[in-house]
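Counting from 1, the numbers follow the sequence of the chain as shown.
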Amino acid sequence: MSEVVKRVSLTQPAMDDFLLFLQQVARRVPGGASVAVVVRDPHNPVLTAPIVRYLALGQLAQQRLVHADLQQPGGEVPDYLAAFGPPIEDSRLELVARLSGGRLYRESRR
């Protein structure tokens, strides 16, 4: 477990899995690529939208963090989408990697 996760664990154990997930994403997404992070766990009161954004900004410093609204038809799809929680079914996305806690997708090249 990284030092960052150890320090957070002392105060917010619910964030451990999410931080590890973001670290895995950071290792797989090239620097400069756009990436959106979504948390698909409505029962986790700690991972609010602002907390998710701040943690993602810190862990994905080499990537370009963007917002993705997959509910909008024709909405912009980022280069990568990191989904913490259950899988996403969207024909615009293809699976890049199954990660601990979630999955990493990119825009489908079909």
Side-chain angles (χ1 to χ4, degrees):
M1 187 178 297
S2 78
E3 196 61 36
V4 172
V5 173
K6 287 180 190 175
R7 285 192 298 248
V8 172
S9 296
L10 297 175
T11 59
Q12 295 294 335
M15 291 186 191
D16 292 358
D17 292 340
F18 184 60
L19 282 170
L20 289 171
F21 171 75
L22 289 175
Q23 290 170 358
Q24 294 173 72
V25 170
R27 287 191 297 270
R28 286 172 173 81
V29 175
S34 64
V35 60
V37 177
V38 295
V39 174
R40 297 170 45 88
D41 183 0
H43 305 294
N44 189 329
V46 174
L47 293 176
T48 62
I51 295 293
V52 166
R53 177 130 179 102
Y54 293 136
L55 291 173
L57 280 169
Q59 297 299 312
L60 302 171
Q62 302 302 311
Q63 293 77 17
R64 190 168 45 90
L65 191 63
V66 297
H67 175 74
D69 187 354
L70 298 178
Q71 305 305 315
Q72 295 296 323
E76 179 185 352
V77 177
D79 297 328
Y80 291 87
L81 179 90
F84 185 70
I88 293 176
E89 298 297 328
D90 188 316
S91 62
R92 297 175 291 173
L93 302 172
E94 66 182 47
L95 182 65
V96 172
R98 285 182 178 84
L99 308 173
S100 176
R103 288 160 179 77
L104 180 62
Y105 302 91
R106 71 174 164 221
E107 187 172 5
S108 179
R109 300 182 195 275
R110 295 180 212 160

inquiry  = Does Leu95 form a side chain to side chain contact (heavy atoms under 4.5 Å, CB included) with Arg103? I'd like the steps, not just the answer.
reply    = CA-CA 7 Å; Leu95 182 65; Arg103 288 160 179 77; 3.8 Å; yes

inquiry  = Once side chain to side chain contact (heavy atoms under 4.5 Å, CB included) is applied, do any residues pair with Arg53, and if so which ones, sequence neighbours excluded?
reply    = Leu57, Leu65

key: By side chain to side chain contact (heavy atoms under 4.5 Å, CB included) - contacts of Pro50 (at least two apart)   = Thr48, Tyr54

message = If I compare all heavy atoms of Phe18 with all of Leu55, which pair ends up nearest, and what's the gap?
response = CD2-CD1, 3.8 Å

request  = Measure from the side-chain N and O atoms of Ser34 to the backbone N and O of Asp79, and report whether any donor-acceptor pair falls under 3.5 Å.
outcome  = yes

inquiry  = Determine whether Val52 and Phe84 satisfy the following criterion, side chain to side chain contact (heavy atoms under 4.5 Å, CB included), listing intermediate values before the conclusion.
reply    = CA-CA 10 Å; Val52 166; Phe84 185 70; over 6 Å; no

request  = Taking all non-hydrogen atoms of both residues into account, name the closest pair between Ile88 and Ala83 and its distance.
outcome  = CD1-CB, 3.6 Å

Glu107/Arg92 salt bridge by N-O under 4.0 Å criterion = no

note = Heavy-atom closest pair (Ala56 atom, Val37 atom, distance to 0.1 Å) is CB-CG2, 4.1 Å

key: Non-neighbouring partners of Pro30 that pass side chain to side chain contact (heavy atoms under 4.5 Å, CB included), sequence neighbours left out   = Ala33, Tyr80

key: For Val25, the option from Val96, Leu60, Leu81 that meets side-chain contact (heavy atoms from CB on, under 4.5 Å)   = Leu60

N/O donor-acceptor pair under 3.5 Å between Gln24 side chain and Ser100 backbone = yes

message = Let's go through Leu99 and Arg28 carefully: what are the C-alpha distance in whole Å and the side-chain angles of both, what is the deciding distance for side chain to side chain contact (heavy atoms under 4.5 Å, CB included) to 0.1 Å, and is it a yes or a no?
response = CA-CA 10 Å; Leu99 308 173; Arg28 286 172 173 81; 3.5 Å; yes

request  = Ignoring hydrogens and angles, tell me if any N or O in the side chain of Arg40 forms a donor-acceptor pair with the backbone of Gly85 under 3.5 Å.
outcome  = no

query = Of the non-hydrogen atoms in Val29 and Gln63, which two are nearest, and what is the gap between them?
reply = O-NE2, 2.7 Å

